[in-house]
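Residue numbers run from 1 in the order of the sequence given. Every number for a ligand or one of its atoms is a count from 1 in the order of the listing.
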Amino acid sequence: MLDIAVIIASTREGSLGATVGRWFLDQAGRRSDLRLDVMDLARTPLPPLQPGPSGDPGHEARALAARVGAADGFVVVTPEYNRGYPAILKLAIDAARHEWAAKPVCFVSYGGHSGGLRAVEQLRLVFAELHVVSLRDTVSFHRVTDRFDESGRLIEPDGANGAAKVMLDQLIWWGTTLREGREARPYAL
Ligand SMILES: Cc1cc2nc3c(=O)[nH]c(=O)nc-3n(C[C@H](O)[C@H](O)[C@H](O)COP(=O)(O)O)c2cc1C
(Lines give C-alpha, C1' and ligand atoms only; values in the text may rest on other atoms or scores of the structure.)
Protein backbone atom coordinates (compact mmCIF):
# COMPACT_ATOMS: atom_id res chain seq x y z
CA MET A 1 0.00 0.00 0.00
CA LEU A 2 1.23 3.44 -0.90
CA ASP A 3 0.01 6.41 1.15
CA ILE A 4 -0.89 9.30 -1.12
CA ALA A 5 -2.04 12.73 0.06
CA VAL A 6 -4.42 14.36 -2.42
CA ILE A 7 -4.32 18.13 -1.89
CA ILE A 8 -7.37 19.98 -3.18
CA ALA A 9 -6.06 23.53 -3.50
CA SER A 10 -9.11 25.61 -4.29
CA THR A 11 -11.16 27.10 -1.46
CA ARG A 12 -13.29 29.54 -3.44
CA GLU A 13 -17.05 29.32 -2.81
CA GLY A 14 -18.65 27.57 -5.78
CA SER A 15 -15.24 26.27 -6.81
CA LEU A 16 -14.83 23.60 -9.47
CA GLY A 17 -12.10 22.10 -7.32
CA ALA A 18 -14.61 19.84 -5.60
CA THR A 19 -15.89 18.56 -8.97
CA VAL A 20 -12.42 17.95 -10.42
CA GLY A 21 -11.30 16.49 -7.09
CA ARG A 22 -14.27 14.08 -6.99
CA TRP A 23 -13.49 12.86 -10.49
CA PHE A 24 -9.83 12.31 -9.58
CA LEU A 25 -10.64 10.57 -6.28
CA ASP A 26 -12.94 8.24 -8.19
CA GLN A 27 -10.07 7.35 -10.56
CA ALA A 28 -7.50 6.94 -7.78
CA GLY A 29 -9.98 5.08 -5.55
CA ARG A 30 -10.10 2.27 -8.12
CA ARG A 31 -6.46 1.45 -7.43
CA SER A 32 -6.18 -1.20 -4.76
CA ASP A 33 -2.54 -0.27 -4.13
CA LEU A 34 -3.27 3.30 -2.93
CA ARG A 35 -4.44 4.62 0.43
CA LEU A 36 -5.66 8.20 0.03
CA ASP A 37 -5.57 11.05 2.53
CA VAL A 38 -7.73 13.84 1.10
CA MET A 39 -6.40 17.23 2.20
CA ASP A 40 -9.15 19.56 1.05
CA LEU A 41 -7.73 22.97 1.96
CA ALA A 42 -11.24 24.40 2.27
CA ARG A 43 -11.71 22.10 5.29
CA THR A 44 -8.18 21.85 6.65
CA PRO A 45 -7.10 24.16 9.47
CA LEU A 46 -4.21 26.22 8.12
CA PRO A 47 -1.47 28.20 9.87
CA PRO A 48 -2.18 31.92 10.42
CA LEU A 49 -1.19 34.29 7.62
CA GLN A 50 0.45 36.56 10.17
CA PRO A 51 2.16 34.34 12.75
CA GLY A 52 3.18 35.77 16.09
CA PRO A 53 6.80 36.44 17.09
CA SER A 54 7.23 33.21 19.14
CA GLY A 55 8.70 31.21 16.27
CA ASP A 56 6.31 28.38 17.13
CA PRO A 57 4.84 27.12 13.83
CA GLY A 58 1.56 26.41 15.63
CA HIS A 59 -0.63 23.33 15.90
CA GLU A 60 -2.16 23.74 12.43
CA ALA A 61 1.29 23.63 10.80
CA ARG A 62 2.33 20.67 12.96
CA ALA A 63 -0.82 18.74 12.01
CA LEU A 64 -0.28 19.48 8.32
CA ALA A 65 3.39 18.51 8.52
CA ALA A 66 2.44 15.21 10.17
CA ARG A 67 0.09 14.39 7.28
CA VAL A 68 2.76 15.31 4.74
CA GLY A 69 5.25 13.17 6.67
CA ALA A 70 2.89 10.18 6.65
CA ALA A 71 2.51 10.29 2.86
CA ASP A 72 4.68 8.48 0.30
CA GLY A 73 3.63 10.86 -2.46
CA PHE A 74 1.30 13.69 -3.37
CA VAL A 75 -1.27 14.72 -5.93
CA VAL A 76 -2.08 18.43 -6.11
CA VAL A 77 -5.44 19.34 -7.66
CA THR A 78 -5.09 23.01 -8.52
CA PRO A 79 -6.78 25.78 -10.48
CA GLU A 80 -4.91 28.65 -12.09
CA TYR A 81 -5.51 32.21 -10.89
CA ASN A 82 -3.75 35.00 -12.78
CA ARG A 83 -1.08 32.63 -14.13
CA GLY A 84 -0.33 31.24 -10.70
CA TYR A 85 -1.56 28.76 -8.12
CA PRO A 86 -3.76 29.71 -5.14
CA ALA A 87 -2.04 31.58 -2.30
CA ILE A 88 -3.58 29.21 0.21
CA LEU A 89 -1.72 26.32 -1.41
CA LYS A 90 1.60 28.08 -0.73
CA LEU A 91 0.59 28.54 2.88
CA ALA A 92 -0.07 24.80 3.16
CA ILE A 93 3.15 23.84 1.35
CA ASP A 94 5.24 26.09 3.60
CA ALA A 95 3.73 24.51 6.74
CA ALA A 96 6.03 21.49 6.34
CA ARG A 97 9.69 21.20 5.38
CA HIS A 98 11.73 17.98 5.64
CA GLU A 99 8.46 15.98 5.62
CA TRP A 100 8.15 16.61 1.87
CA ALA A 101 11.62 15.42 0.92
CA ALA A 102 12.48 12.54 -1.42
CA LYS A 103 8.86 11.90 -2.42
CA PRO A 104 7.00 12.37 -5.72
CA VAL A 105 4.30 14.90 -6.56
CA CYS A 106 2.01 14.98 -9.58
CA PHE A 107 -0.64 17.43 -10.69
CA VAL A 108 -4.26 17.61 -11.79
CA SER A 109 -4.77 21.16 -13.02
CA TYR A 110 -7.64 23.10 -14.50
CA GLY A 111 -8.48 26.57 -15.69
CA GLY A 112 -9.48 28.60 -18.71
CA HIS A 113 -7.26 28.51 -21.81
CA SER A 114 -4.16 27.33 -20.00
CA GLY A 115 -5.69 24.32 -18.26
CA GLY A 116 -3.81 25.35 -15.13
CA LEU A 117 -0.48 24.36 -16.66
CA ARG A 118 1.18 27.67 -15.82
CA ALA A 119 0.27 27.15 -12.17
CA VAL A 120 1.84 23.70 -12.40
CA GLU A 121 5.07 25.12 -13.84
CA GLN A 122 5.37 27.43 -10.83
CA LEU A 123 4.66 24.57 -8.44
CA ARG A 124 7.50 22.52 -9.94
CA LEU A 125 9.94 25.24 -8.84
CA VAL A 126 8.50 25.38 -5.33
CA PHE A 127 8.59 21.61 -4.90
CA ALA A 128 12.16 21.39 -6.22
CA GLU A 129 13.22 23.57 -3.28
CA LEU A 130 11.63 21.01 -0.94
CA HIS A 131 13.43 18.05 -2.60
CA VAL A 132 10.18 16.76 -4.08
CA VAL A 133 10.32 14.99 -7.45
CA SER A 134 7.65 16.42 -9.75
CA LEU A 135 6.37 14.00 -12.39
CA ARG A 136 6.47 15.01 -16.03
CA ASP A 137 2.97 13.85 -16.94
CA THR A 138 -0.07 15.73 -15.68
CA VAL A 139 -3.82 15.71 -16.10
CA SER A 140 -5.05 19.07 -17.27
CA PHE A 141 -8.51 20.46 -18.00
CA HIS A 142 -8.66 23.57 -20.14
CA ARG A 143 -11.99 25.42 -20.34
CA VAL A 144 -12.95 23.45 -17.26
CA THR A 145 -16.41 25.01 -17.00
CA ASP A 146 -17.41 23.16 -20.21
CA ARG A 147 -15.96 19.79 -19.26
CA PHE A 148 -18.35 18.52 -16.57
CA ASP A 149 -22.13 18.16 -16.76
CA GLU A 150 -24.59 19.49 -14.17
CA SER A 151 -24.22 16.41 -11.99
CA GLY A 152 -20.44 16.84 -12.00
CA ARG A 153 -19.74 14.04 -14.46
CA LEU A 154 -16.97 14.41 -17.02
CA ILE A 155 -18.61 14.85 -20.44
CA GLU A 156 -15.90 13.16 -22.52
CA PRO A 157 -14.06 11.02 -20.00
CA ASP A 158 -11.74 8.87 -22.15
CA GLY A 159 -8.81 11.27 -22.56
CA ALA A 160 -8.70 12.40 -18.92
CA ASN A 161 -9.27 8.90 -17.55
CA GLY A 162 -6.40 7.62 -19.71
CA ALA A 163 -4.13 10.47 -18.61
CA ALA A 164 -4.98 9.78 -14.95
CA LYS A 165 -4.05 6.12 -15.38
CA VAL A 166 -0.66 6.98 -16.90
CA MET A 167 0.04 9.53 -14.17
CA LEU A 168 -1.01 7.19 -11.35
CA ASP A 169 1.15 4.37 -12.76
CA GLN A 170 4.12 6.76 -12.72
CA LEU A 171 3.26 8.02 -9.23
CA ILE A 172 3.17 4.45 -7.92
CA TRP A 173 6.56 3.69 -9.53
CA TRP A 174 8.17 6.78 -8.04
CA GLY A 175 6.40 6.48 -4.71
CA THR A 176 7.41 2.85 -4.26
CA THR A 177 10.97 3.38 -5.49
CA LEU A 178 11.59 6.43 -3.31
CA ARG A 179 10.04 4.79 -0.25
CA GLU A 180 12.40 1.84 -0.69
CA GLY A 181 15.26 4.31 -1.13
CA ARG A 182 14.39 6.25 2.04
CA GLU A 183 14.15 3.00 3.97
CA ALA A 184 17.52 1.79 2.66
CA ARG A 185 19.35 5.09 3.20
CA PRO A 186 18.15 8.20 5.04
CA TYR A 187 17.88 11.11 2.62
CA ALA A 188 20.37 13.81 3.61
CA LEU A 189 18.99 17.33 3.44
C1 LIG B 1 -9.22 35.46 -10.01
C2 LIG B 1 -9.20 34.48 -11.14
C3 LIG B 1 -8.12 34.44 -12.00
C4 LIG B 1 -8.07 33.51 -13.04
N5 LIG B 1 -6.98 33.45 -13.82
C6 LIG B 1 -6.86 32.49 -14.77
C7 LIG B 1 -5.66 32.34 -15.52
O8 LIG B 1 -4.70 33.05 -15.35
N9 LIG B 1 -5.62 31.34 -16.44
C10 LIG B 1 -6.67 30.50 -16.66
O11 LIG B 1 -6.56 29.62 -17.52
N12 LIG B 1 -7.81 30.61 -15.95
C13 LIG B 1 -7.93 31.58 -15.01
N14 LIG B 1 -9.08 31.70 -14.28
C15 LIG B 1 -10.15 30.74 -14.52
C16 LIG B 1 -10.11 29.66 -13.45
O17 LIG B 1 -8.98 28.86 -13.54
C18 LIG B 1 -11.36 28.82 -13.51
O19 LIG B 1 -12.46 29.70 -13.30
C20 LIG B 1 -11.39 27.78 -12.41
O21 LIG B 1 -12.62 27.16 -12.38
C22 LIG B 1 -11.08 28.37 -11.06
O23 LIG B 1 -10.95 27.37 -10.11
P24 LIG B 1 -12.00 27.21 -8.91
O25 LIG B 1 -13.34 27.01 -9.54
O26 LIG B 1 -11.52 26.02 -8.16
O27 LIG B 1 -11.90 28.46 -8.11
C28 LIG B 1 -9.15 32.62 -13.24
C29 LIG B 1 -10.26 32.68 -12.37
C30 LIG B 1 -10.28 33.58 -11.33
C31 LIG B 1 -11.48 33.59 -10.40
Worksheet item: So among L91, L89, T78, which one has a side chain to side chain contact (heavy atoms under 4.5 Å, CB included) with L41?
Response: L89
Worksheet, complete the sentence: Within 4.0 Å of some non-hydrogen atom of V144, the atoms of ligand 1 are 21 (O)
Worksheet item: Under 4.0 Å from atom 19 (O) of ligand 1, do we find at least one protein heavy atom?
Response: no
Worksheet item: Is there at least one pair of N or O atoms, one from G111 and one from ligand 1, spaced under 3.5 Å apart?
Response: no
Worksheet item: Looking at atom 29 (C) of ligand 1, what's its closest protein heavy atom, distance included?
Response: Y81 CD2, 3.9 Å
Discussion item. Side chain or backbone, does L16 bring an N or O within less than 3.5 Å of an N or O on ligand 1?
Written reply: yes
Worksheet item: At a 4.0 Å threshold, what atoms of ligand 1 neighbour a non-hydrogen atom of N82?
Response: 3 (C), 4 (C), 5 (N), 6 (C), 7 (C), 8 (O)
Practice prompt. Please identify which atoms of ligand 1 are closer than 4.0 Å to at least one heavy atom of R12.
Written response: 24 (P), 25 (O), 27 (O)
Worksheet item: So does R153 have more than 12 non-hydrogen atoms from other groups sitting under 6.0 Å from CZ?
Response: no
Worksheet item: Which class fits the ring pair F141 and W23: parallel under 30°, tilted 30 to 60°, perpendicular over 60°?
Response: perpendicular
Worksheet item: Is the closest basic N to carboxylate O distance between D169 and R31 below 4.0 Å?
Response: yes
Item to complete: Kindly determine whether H131 and K103 satisfy side chain to side chain contact (heavy atoms under 4.5 Å, CB included), including the steps that lead there.
Response: CA-CA 8 Å; H131 302 251; K103 298 174 182 177; over 6 Å; no
Discussion item. How long is the straight-line distance from CZ of F107 back to CD of E121, given to the nearest 0.5 Å?
Written reply: 9.0 Å
Worksheet entry | Residues, nucleotides or ligands: over 12 heavy atoms within 6.0 Å of W100 CH2 | yes
Worksheet entry | Test item, H142 contacting ligand 1 (heavy atom, 4.0 angstrom) | no
Discussion item. Do K165 and Q27 make a side-chain contact, defined as non-hydrogen atoms from C-beta onward lying under 4.5 Å apart?
Written reply: no
Worksheet, complete the sentence: atom 11 (O) of ligand 1: of G14, G112, P86, S10, the nearest heavy atom sits on G112
Item to complete: Check each of E80, E13, H113 against atom 17 (O) of ligand 1 and report the one with the nearest heavy atom.
Response: E80
Worksheet item: Does ligand 1 have a heavy atom under 4.0 Å from the side chain of V20, from its backbone, from both, or from neither?
Response: neither
Fill in: Atoms of ligand 1 close to R83 [distance to a heavy atom under 4.0 angstrom, numbered from 1]
7 (C), 8 (O)
